[in-house]
Number of protein chains: 2
Amino acid sequence: MAAMKETITQVAIDLFFQKGYFATSISDIARGCGIQKASIYYHFASKEALLFTIMYSTMQDLLTCLDRYLARSTEVAERMRAAVRSHVSFHLERQKETFIASSELRGLSPDHLSILIEKRDAYERIFQELIHEGVAQGVYAAGEVKILSYAILTLCTAGAFWFRPDGRLSVDAVATIYENFVLNGLTAGQTRWSLAPAHLNQRPAL
Amino acid sequence: MAAMKETITQVAIDLFFQKGYFATSISDIARGCGIQKASIYYHFASKEALLFTIMYSTMQDLLTCLDRYLARSTEVAERMRAAVRSHVSFHLERQKETFIASSELRGLSPDHLSILIEKRDAYERIFQELIHEGVAQGVYAAGEVKILSYAILTLCTAGAFWFRPDGRLSVDAVATIYENFVLNGLTAGQTRWSLAPAHLNQRPAL
DNA sequence: ATCAACCTAACGACCGGTCGGTAATTTATC
DNA sequence: GATAAATTACCGACCGGTCGTTAGGTTGAT
């Protein structure tokens, strides 16, 4: 039974989350597992491979989660709502892993990086498609689809940076706040295309 | 004249942005400046001190920028618009530094970290105050002020992660998109409390 | 006897940082 | 205005330590 492999992964997740990938040594992880650092290499080819394993499976689960949420509706506004909820709640519920996945890309080799980027792009495309649909149906104001998708995703991803699982707000509560914020942000409302008053068009010098 | 100190800072900014703080060695920076690495220590006490210098002055400038923008109006919605514009445009125009400042906090010593956290909190409080005012005046829907401020700030900060200075969109264009997104997000619109079945509804505390 | 799952021991590379020294320039003293 | 003293801005060599990784041996269960 390879229970130790799972232990190593969990300890690594904890330490990468706490101290960061580069600040965490193989010895640290081994100590956390109660084994010698050389033994790590029986289960993983390298430190980077361990990081990649964590990030890849997280990304995989993120996609699966989104698919499940989206299957609940066919109406575009409802699907967007579900997508945001999926994204937010996943990031809060699996905070450590999503935090690592979105902040330790630097640690990956070029090959592994491109694999992950590809998956991330596929994920983003789903959101862009939803925005596109919404605009086509007149539910949302026309706009820069990619920029808006980045806005939505980074907004919610950032939840993993400040969320406290034992804090005042539940995952559901935060998800709801974000849902409404995003949906309102997308919906056609007062939209100004430039700073109308001329005196505001000049940026303060710095 | 201490022109070299400025050169070191600029090279460090470039390298920290490209490769990250931990992946950049003092030798790398020295090579980029055309000097020996020992000479770096004539200008900076340590690698960490160099990082802190960069981050601190960036934070200082960010605050100054916001103050100048805010001084132009007294009306709350207009001030929020100006604040978002300040935040976004600063992060796009000084992309490298703001990217470093928001992604390399790990590299700081506890003392330096707390100094920066303090400054960041002061910055956030300005936004929270604006939201609070807006809610009090009925311009915005009631909501979690802190969560919303995090949402706004991280949303815009993230611009520094994907923005391409030589890309299709100008700083001003992106700032306008974000402005509208945030303002719409804050403004009272359709607000639903949860997707979950009624008996599971967890209405967030107001 | 095999083999998975660990161990001990060590390797080379590289890191941030320090040391003593020095040429060039500025400042103080007469 | 000549000379001594001090300061600035750098260099080359080196140190202690840590890192990820590997080689090869040991153990215990099947």
Side-chain angles (χ1 to χ4, degrees), chain A residues 1-56 100 103-113 115-116, chain B residues 1-56 100 103-113 115-116:
Chain A
M1 199 176 301
M4 185 53 77
K5 185 166 186 174
E6 187 54 35
T7 302
I8 293 169
T9 307
Q10 284 306 319
V11 170
I13 289 173
D14 279 349
L15 291 178
F16 290 168
F17 177 69
Q18 277 172 41
K19 323 197 314 176
Y21 174 71
F22 287 106
T24 302
S25 69
I26 292 287
S27 322
D28 290 336
I29 299 170
R31 198 175 309 119
C33 299
I35 57 173
Q36 293 298 313
K37 67 174 180 173
S39 307
I40 304 273
Y41 289 87
Y42 175 77
H43 298 282
F44 294 93
S46 66
K47 187 188 178 187
E48 190 263 353
L50 173 53
L51 176 65
F52 176 70
T53 300
I54 293 171
M55 293 176 86
Y56 186 81
I100 294 166
S103 64
E104 300 292 6
L105 284 169
R106 288 240 141 101
L108 293 175
S109 71
D111 283 358
H112 282 160
L113 178 63
I115 291 175
L116 234 76
Chain B
M1 201 177 301
M4 184 54 76
K5 185 166 186 175
E6 187 54 35
T7 302
I8 294 170
T9 306
Q10 285 306 318
V11 169
I13 288 173
D14 280 349
L15 291 178
F16 290 167
F17 178 69
Q18 278 173 41
K19 322 198 311 175
Y21 173 72
F22 287 106
T24 302
S25 69
I26 293 287
S27 321
D28 289 336
I29 298 170
R31 199 176 307 117
C33 299
I35 58 174
Q36 293 298 312
K37 70 170 180 170
S39 307
I40 303 274
Y41 290 87
Y42 176 78
H43 297 283
F44 294 94
S46 65
K47 187 189 178 188
E48 189 263 354
L50 174 53
L51 175 65
F52 176 69
T53 301
I54 293 170
M55 292 177 87
Y56 186 82
I100 293 166
S103 65
E104 300 291 7
L105 283 170
R106 289 240 143 98
L108 293 175
S109 70
D111 283 359
H112 281 161
L113 178 63
I115 292 175
L116 234 77

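In the text below, chain A, chain B and the rest are named by the order of the sequence lines, each starting its count at 1. Not measured: the values here are computed from a predicted model.
To the nearest angstrom, C1' of D:dT8 lies 13 Å from CE of B:Met4. Nucleotide D:dG20 holds its C1' atom 12 Å from the CD1 atom of A:Ile40, rounded to whole Å. Rounded to an integer number of Å, the gap from CG of B:Leu51 to C1' of C:dG16 is 14 Å. Rounding to whole angstrom units, CD of residue A:Glu48 and C1' of D:dC19 are separated by 16 Å. Atom pair A:Phe44:CZ and D:dT22:P shows a separation of 16 Å (rounding to whole Å applied).
The stretch residues 18-36 of chain B touches DNA chain D through B:Gly34, B:Ile35, B:Gln36, each having a heavy atom within less than 4.0 Å of the strand.
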Contacts table for residues 14-21 of chain A: side-chain donor-acceptor under 3.5 angstrom, sequence neighbours left out:
{"from": "A:Asp14", "atom 1": "OD1", "to": "A:Lys96", "atom 2": "NZ", "distance (Å)": "2.7"}
{"from": "A:Lys19", "atom 1": "NZ", "to": "A:Asp28", "atom 2": "OD2", "distance (Å)": "3.0"}
{"from": "A:Tyr21", "atom 1": "OH", "to": "A:Glu48", "atom 2": "N", "distance (Å)": "3.3"}

Q | Derivation and outcome, side chain to side chain contact (heavy atoms under 4.5 Å, CB included), residues B:Lys5 and B:Tyr42 | A | CA-CA 9 Å; B:Lys5 185 166 186 175; B:Tyr42 176 78; over 6 Å; no
Q. After noting the C-alpha distance and the side-chain angles of B:Met55 and B:Leu105, does the key distance pass the side chain to side chain contact (heavy atoms under 4.5 Å, CB included) rule?
A. CA-CA 9 Å; B:Met55 292 177 87; B:Leu105 283 170; 3.7 Å; yes
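Remark: B:Gln36 pairs with no residue by the side chain to side chain donor-acceptor pair (under 3.5 Å) rule, at least two apart or across chains. When the side chain to side chain contact (heavy atoms under 4.5 Å, CB included) test is applied to A:Ala49, the partners found at least two apart in sequence or on another chain are A:Ala45, A:Ser46. Residues meeting the side chain to side chain contact (heavy atoms under 4.5 Å, CB included) test with B:Tyr56, sequence neighbours left out: B:Phe52, B:Gln60, B:Ile115, B:Leu116, B:Lys119. With sequence neighbours left out, B:Tyr41 forms a side chain to side chain contact (heavy atoms under 4.5 Å, CB included) with B:Ile26. Considering only residues two or more places apart in sequence or on other chains, B:Lys37 meets the salt bridge (Lys or Arg N to Asp or Glu O under 4.0 Å) condition with none of them.
For D:dT8, neither phosphate oxygen OP1 nor OP2 lies less than 4.0 angstrom from any side-chain nitrogen or oxygen of B:His43. Between B:Ser39 and D:dC11 there is a side-chain polar atom (N or O) within less than 4.0 angstrom of OP1 or OP2.
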Could you go through nucleotides 18-23 of chain C and list every protein N or O atom that sits under 3.5 Å from one of its N or O atoms, giving the distance for each pair?
none

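Taking the side chain of A:Tyr42 as heavy atoms from C-beta on, and the options D:dC10, C:dG17, C:dC6, the nearest nucleotide is C:dC6.
At distances below 3.5 Å, not a single donor-acceptor pair connects side-chain atoms of B:Lys47 with backbone N or O atoms of B:Gly107.
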